[in-house]
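Every chain is numbered from 1 and lettered A, B, ... according to where its sequence line falls, protein lines coming before strand lines.
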Amino acid sequence: METHFWFDDSFFERPSIEVAPDLLGSQLCFWDRRGVIRKLTISETEAYHGSDDLASHASKGRTLRNSLMFGPANHWYLYICYGVHWMLNLVTGPIDQPSAVFFRGTLEVSGPGKLTKSMGVNKQFNGLMNSPVSKLWLEKPVAIPKEIQRGPRIGVDSAGPIWSKKPYRFWFSNGPTLG
DNA sequence: CATTCGATCGGG
DNA sequence: CCGATCGAATGA
């Protein structure tokens with residue numbers, strides 16, 4: 001009988017490049033507007049590696065917005081993009097070594113902006129722990145996906161030729177979920 | 001302060 | 001291809 005539905009903190013204290021593919025197939029859980037628990041199956045993630053990663057908010061050092069990335073792993077990092085869309089990330093790695101996994105899509109909802117909108121997730125979750133107490137949490141996969149694909153991250157051309165092409169996006173073999 | 005710029009999306 | 005839309009970052 002499997003009783004360990006939740007990940008240990010140590011799972012997220014690893015490099016985001018390891019955590020991002022390992023989260024594929026796991027359940028993104030939240031309470032909807034009516035207080036009903038919903039679970040979405042994560043199908044696409046991206047890894048933002050560290051201060052060296054020019055595509056990461058952390059590459060320019062600590063700021064008000066990105067300070068959570070420098071904190072302990074296993075906390076949500078939310079920020080708004082293009083003035084409209086909330087982007088959902090989970091902090092990974094050790095303290096003072098900023099990295100995160102970005103949630104790009106689930107089997108049910110494709111696209112990072114549509115994902116948070118459908119979940120009703122926004123800034124109010126910024127800095128909260130990945131825990132049922134926060135009403136936003138991850139649970140281990142029911143079935144681990146077999147063929148994981150990887151390729152360049154989306155929308156990071158400004159990171160330059162090296163970092164924009166790093167294969168830090170991961171998805172199921174049944175296809176990437178592009179917005 | 002003033003200006004620029006997005007880890008996007010939906011509509012032509 | 002392009003405009004929406006606004007908080008945060010950057011620079012004067």
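A donor and an acceptor atom, one from each side chain of A/Glu13 and A/Thr92, are nowhere located under 3.5 Å apart. Remark: the A/His57 side chain and the A/Tyr48 side chain contain no N/O donor-acceptor pair separated by less than 3.5 Å.
Side-chain atoms of A/Tyr79 and base atoms of C/dA8 include no donor and acceptor less than 3.5 Å apart. In the interface, the side chain of A/His57 is paired with the base of B/dA7 through a donor and an acceptor atom under 3.5 Å apart.
Looking at heavy atoms from C-beta onward, A/Leu68 lies out of side-chain contact with A/Asn89 at the 4.5 angstrom threshold.
Nearest nucleotide to the A/Lys114 side chain, out of B/dC9, B/dA7, C/dA8: B/dC9. When distances run from any side-chain atom of A/Arg104 to the nucleotides C/dA9, B/dT8, B/dG6, the shortest one goes to B/dT8. Distances from the side chain of A/Val84 to the nucleotides C/dG7, C/dT5, B/dA7 place C/dT5 closest. Closest to the side chain of A/Cys81, out of B/dA7, C/dA9, B/dC9, is B/dA7.
Ring geometry, A/Phe7 versus A/Phe12: the interplanar angle exceeds 60°, so the pair is classed perpendicular (tilted spans 30 to 60°).
Nucleic acid contact class of A/Arg65 (heavy atoms, under 4.0 Å, all strands): sugar-phosphate only. At the heavy-atom level, A/Lys117 lies nowhere under 4.0 Å from the strands shown.
In plain terms, the two heavy atoms of A/Arg62 and A/Asp96 that are nearest each other are NH1-OD1, 4.0 Å.
Side-chain N/O atoms of A/Thr63 include none lying less than 4.0 angstrom from OP1 or OP2 on C/dA8. Side-chain nitrogen and oxygen atoms of A/Ser56 include none within less than 4.0 Å of the OP1 or OP2 phosphate oxygen of B/dA7. Look at A/Arg169 and you won't find any side-chain N or O under 4.0 angstrom from OP1 or OP2 of B/dA7.
In this pair, A/Phe102 does not lay its aromatic ring on the base of B/dA7; centres under 5.5 Å and planes under 30 degrees do not both hold.
Place A/His85 and A/Lys60 on DNA chain C by their nearest nucleotides, and A/His85 ends up nearer the 5' end.
Pair assignment for B/dA7: none, as no Watson-Crick or G-U wobble contacts are both less than 3.5 Å.
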